Amino acid sequence: MIIDNQDKVLLRHLQEHGRATNAELAQAANLSESACFRRVRALEAGGVITGYAATVDPAAVGLGLTVYVSITLASQAQDVLSAFEAAVNEAPEIMECHLMTGQADYIVRVVASDVADLERVHAHVLTRLPGVARLNSSIALRSIVRRGALPIR
């Protein structure tokens, strides 16, 4: 899909103002409301816009502990990777998972309510993921930058 400058305006505006009405989006992009609606629908259908969500403060809902876990698998065979990735998708405490280069095979971002909850996640979720050979956890003390919006230029 080719994304032009008006599409970029729409994407930037939606990232910052997710609850914007079609009329507000159209005004921001200097488009008619019908043209704006068609463009947004095309961006959704093309997989550029992948969804809409509210940003929730983790601490406000009792999930104030963020942990980054480097995971090394016993094997990099495709069936092991596929089983691991399928299992990660089923663990609600795992907020992100990235296949990596370097020492670890994956890095995951986990949320927990406190250290006792992290121990539960470690013992009952992370160590039970298929193919796991080694885990290395780092607790985030404080978030300095947390952006949801991509720097679309």
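The model shown is predicted, which means the values in this text are computed figures rather than measured ones.
- Under a 4.5 Å side-chain heavy-atom criterion applied to ILVMFWY residues, the cluster that includes Ile107 comprises Met100 as well.
- Atom CD of Glu85 sits in a crowded spot, with more than 12 heavy atoms from other residues, nucleotides or ligands closer than 6.0 Å.
- Residues in residues 78-133 take part in these ring pair (Phe, Tyr, Trp, His ring centres under 6.0 Å) pairs, two or more places apart or across chains: Phe84-Tyr106.
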Discussion item. Go through it in stages, so that I can follow the logic: the residues are Val9 and Leu31, the test is side-chain contact (heavy atoms from CB on, under 4.5 Å), and I'd like the CA-CA distance, side-chain angles, deciding distance and then a yes or no.
Written reply: CA-CA 11 Å; Val9 169; Leu31 293 168; over 6 Å; no

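- Residues Pro130 and Ala83 share a closest heavy-atom pair of CG-O, 3.6 Å.
- Partners of Gln103 by side chain to side chain donor-acceptor pair (under 3.5 Å), not counting sequence neighbours: none found.
- Looking only at distances, no side-chain donor or acceptor of Asp117 sits under 3.5 Å from a matching main-chain atom of Asp114.
- In terms of heavy atoms, Phe37 sits closest to Asn22 at N-OD1, 3.4 Å.
- For CD of Glu44, the number of neighbouring non-hydrogen atoms (other residues, nucleotides, ligands) closer than 6.0 Å is greater than 12.
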Item to complete: Apply side-chain contact (heavy atoms from CB on, under 4.5 Å) to His17 and Glu24, showing your working.
Response: CA-CA 10 Å; His17 309 283; Glu24 292 166 339; over 6 Å; no

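- Shown here are the side-chain contact (heavy atoms from CB on, under 4.5 Å) partners of Asp57, two or more places apart in sequence or in another chain: Ala59, Ala60.
- Qualifying side chain to side chain donor-acceptor pair (under 3.5 Å) partners for Gln76, counting only residues two or more places apart in sequence or in other chains: Asp105.
- Listed by chain and residue number, nothing satisfies the side chain to side chain donor-acceptor pair (under 3.5 Å) test with Ser70 (two or more places apart in sequence, or in another chain).
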Discussion item. Would Ile49 and Leu11 count as a side-chain contact (heavy atoms from CB on, under 4.5 Å) here? Give the steps.
Written reply: CA-CA 8 Å; Ile49 296 174; Leu11 292 169; 3.6 Å; yes

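- Scanning both residues, Cys36 and Leu10, for their nearest heavy atoms gives SG-CD2, 3.7 Å.
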Worksheet entry | side-chain contact (heavy atoms from CB on, under 4.5 Å) evaluation trace for Leu129 with Leu73 | CA-CA 10 Å; Leu129 292 169; Leu73 300 182; over 6 Å; no

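- Here the shortest heavy-atom pairing between Gly46 and Met1 reads CA-SD, 4.0 Å.
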